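Quick notes on the structure that follows.
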Amino acid sequence: MDTLSQRKREMLRILFFASLRERLHCNEQQLALSTDIRTVADVKSCLAGKGGVFAEIFSGTVRVMSAVNQQMVKDEEPVSDGDEVAFFPPVTGG
Amino acid sequence: MASVLDEFKQGHGDSGAVVSFTGLVRTSGEATTIEAMTLEHYPGMTEKSLAAIEQQARTRWELNEVRIIHRIGRLAAGENIVLVATASAHRQAAFEAAQFIMDHLKTEAPFWKKEHTSRGDHWVEGRQSDHDAKSRW
């Protein structure tokens, strides 16, 4: 059995909320993990690499908050297979 | 709100103090009339975030009761958005905990407000004053 081709791809579930979701015209997408993607910062770089509105939002000029598995995190937070990573504007509840 | 207060009274007999805060949808903003507001949230994380804020408050103050109720979806101008109520033996804990909970909810809980006004729709921006308020805790 060829173990490489049988290995399930490691994936992240990426969620976008509020004005980010509207600007990106996307509420959810899957991202395949690679050796280059180890942290939330890496995920942001990868998204910025798509160009267009993704680049505008994830290049660092717009304030984006992040959560991994429904906990607020900083950019250094590691990510791993199966994680839910959410990006959103500063919260405005209450 | 009345039912929450009744629950508090029927609960702990030694609650001498009950404090509540209600946040409302404003009817007017900067030179516009607000017709409605939509509250978006992050299902799953919203509940965890509010539970964590409540737990921090309970750890820091001796509280007999805490209620945090936050509405979601489309709300008309003048409607209630959020209720925070606390009950404790004496008033200092109840007042401080309610303020603490609101200051943390405003900066950490995953909700986003979109105002529908006479001039169109726009997302409400976060305020630096909310972060300043949280940092004093």
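Since we're looking at a predicted model, the values are computed, not measured.
A:Phe16 and B:Phe111 fall into different hydrophobic clusters, defined by Ile, Leu, Val, Met, Phe, Trp and Tyr side-chain heavy atoms under 4.5 Å apart, directly or through other members. Linking Ile, Leu, Val, Met, Phe, Trp and Tyr residues whenever their side-chain heavy atoms come within less than 4.5 Å places A:Val85 and A:Val64 in a single cluster. Two different hydrophobic clusters hold A:Ile14 and B:Tyr42 under the rule that ILVMFWY side chains link at heavy-atom gaps under 4.5 Å. Note on A:Leu31: it clusters hydrophobically with A:Phe58, by side-chain heavy-atom contacts below 4.5 Å among ILVMFWY residues. Hydrophobic clustering (ILVMFWY, side-chain heavy atoms < 4.5 Å, transitive): B:Val19 and B:Trp137 are in distinct clusters.
Among B:His70, B:His131, B:His41, B:Lys113, the residue making the largest number of heavy-atom pairs under 4.5 Å with chain A is B:Lys113. Between chain A and the options B:Gly23, B:Ala109, B:Ser49, B:Gly126, heavy-atom pairs under 4.5 Å are most frequent for B:Ala109.
Heavy atoms from other residues, nucleotides or ligands lying under 6.0 Å from CZ of B:Arg127 number 12 at most. Around CD of B:Glu125, the count of heavy atoms belonging to other residues, nucleotides or ligands within 6.0 Å does not exceed 12. Residue-environment remark: CZ (A:Arg38) stays at or below the threshold of 12 foreign heavy atoms within 6.0 Å.
Among all heavy-atom pairs drawn from A:Met65 and B:Thr107, the shortest one is CE-O, 4.2 Å. The two residues B:Met45 and A:Met72 come nearest to each other via the heavy atoms CE-N, 3.7 Å.
Heavy atoms closer than 4.5 Å to chain A are found in the side chain of B:Lys48, but not in its backbone. Neither the backbone nor the side chain of B:His122 comes within less than 4.5 Å of any heavy atom of chain A. Both the backbone and the side chain of A:Ala18 come within less than 4.5 Å of a heavy atom in chain B. For a residue to count as touching a neighbouring chain, one of its non-hydrogen atoms must lie under 4.5 Å from one of that chain's; by this rule A:Glu22 touches chain B with the side chain only.
Aromatic ring pairs are classed by plane angle as parallel below 30°, tilted from 30° to 60° and perpendicular above 60°; the pair A:Phe17 and B:Trp112 is parallel.
By a heavy-atom distance cut of under 4.5 Å, B:Ile81, B:Val82 are the residues of residues 78-101 of chain B near chain A, going up by number.
Atoms NZ and OG1, on B:Lys114 and A:Thr92 in that order, are 12.0 Å from each other to the nearest 0.5 Å.
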